[in-house]
Amino acid sequence: MSIPKETNAAVLVAYNQPLEVRSIKIPQPEPRAAIVRVEASTMCGTDVHIYRGEYANSGLSKLPLIPGHEIVGRIVALGSERKVDALNRPLAEGDLVAWAYAWCGQCYWCTVAKQPTACERARMYGWGCADEPPYITGGFSEYAYVMPECSMVKVPDGLDPALAASGTCAFRTIVHGYEKIGRIDSSDTVVIQGSGPVGLYALAYAIQSGARQTVVIGAPDSRLAIAKKWGADLVFDIANSKTSDRREQILSITDGRGADMVVECSGANPAFVEGMDLLRRGGRYLVIGAADPKPVEVHATYFNLRQLTVAGTMSGDISHYYKALNFLADHQYRFSFTDILGSKNSLNEVGNALDALESMREMKPIIIP
Ligand SMILES: [Zn+2]
Ligand SMILES: [Zn+2]
């Protein structure tokens, strides 16, 4: 298949300003790289933070940038040495694939700690910089460049591309988190804080893993309705319930002990304080959503006297992408995952999608370049 010389892409040229659809050069793939035709991208809350310039000072985002880090695409060109995916399955033009961030594979974090998500030389697509080769790494573009260090997996058959894209950020992070905090037992009560895509995916995973009871604390009502539909035993609207009442009810459904596991997917500092209080003695707390740079006060004694285990993760390696995509494909008839998806938008409509996400009208707007 021949590759066009240029691609249209939605480019963030200045923070808080409308994105511009520009024509950008498509480079020839390096030996281990690939070029894909983007089938679908979905928008993440992080894209709004990037758009607002919240990561500009830390140097994480660089203008001009093509946003979009939840992407699936069809291979149109493979570098001469990119022949198989991360599971050694042959790759060919036309295959629908997802890919992880580019970790260097040669540093302490990648090789000794075996935590590539902590790699200090990571290159994350969707964060910039569209004026440096290979230019087109973000997903809000007709074509995208898969960097040589990015491990790829094929998207399972029968999975909607937009749904698959939505699994490549929120869900792979959840899979990574549950892997770190340890298995869910059939006697466990799991409390999920947050009812956005991360919280809902965390709920589905907890139910499918055999949790005895699941509780979701979140908002608004429409999202809690999805949680109920998917099988949450108890939901609390954060706006219409008191912290003390939530704790009392969770104690009452756990014979006065508290939750065996709490999963923080809300990003709000008060959630962390509440979560520590909802755990039983010896309970486990998985922190995934925390986003507030301000510190919170915690009782240090909880860690030893109550023998808590607290773990945090971010992002995920290719194994988590693989597991997330397969989970979505395998269980899409038990959980109506597409409830999470929002409107379909062209490259010209990225602004609408940002607005829909920020105003909480939609959870996961789709970009079809
Ligand atoms: Zn994301
Ligand atoms: Zn590294």
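Indexing begins at 1, ligand by ligand and atom by atom, following the structure's order.
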Quiz item: Going through the checks in order, is the ring pair (Phe, Tyr, Trp, His ring centres under 6.0 Å) test met by Tyr285 and Phe272?
Solution: CA-CA 9 Å; Tyr285 198 3; Phe272 182 79; 5.3 Å; yes
Quiz item: Is the side chain of Glu362 donor-acceptor paired with the backbone N or O of Ser343 at a distance under 3.5 Å, no angle test?
Solution: yes
Practice problem: Please check if the side chain of Arg246 supplies one atom and the backbone of Ser241 the other of a donor-acceptor pair under 3.5 Å. | Solution: yes
Practice problem: Return the set of protein N, O or S atoms whose distance to the Zn ion (ligand 1) is under 2.8 Å, each given as residue and atom. | Solution: Cys44 SG, His69 NE2, Cys169 SG
Quiz item: Between Tyr145 and Tyr135, does a ring pair (Phe, Tyr, Trp, His ring centres under 6.0 Å) hold up when you go through it step by step?
Solution: CA-CA 8 Å; Tyr145 189 92; Tyr135 314 110; 8.9 Å; no
Quiz item: How many protein atoms of type N/O/S are positioned less than 2.8 Å from the Zn ion (ligand 2)?
Solution: 4
Practice problem: Could you check Val216, Val262, Ile238, Val263 and say which one makes a side-chain contact (heavy atoms from CB on, under 4.5 Å) with Gln193? | Solution: Val262
Quiz prompt | Side chains of Val215 and Ile253 in contact at under 4.5 Å (non-hydrogen atoms) | solution = yes
Self-check item: Backbone N/O of Gly158 and side chain of Gln332: donor-acceptor pair under 3.5 Å
Solution: yes
Quiz prompt | Thr243 and Asp245 side chains, donor-acceptor separation under 3.5 Å | solution = no
Quiz prompt | Within 6.0 Å of CD in Glu81, more than 12 heavy atoms from elsewhere | solution = yes
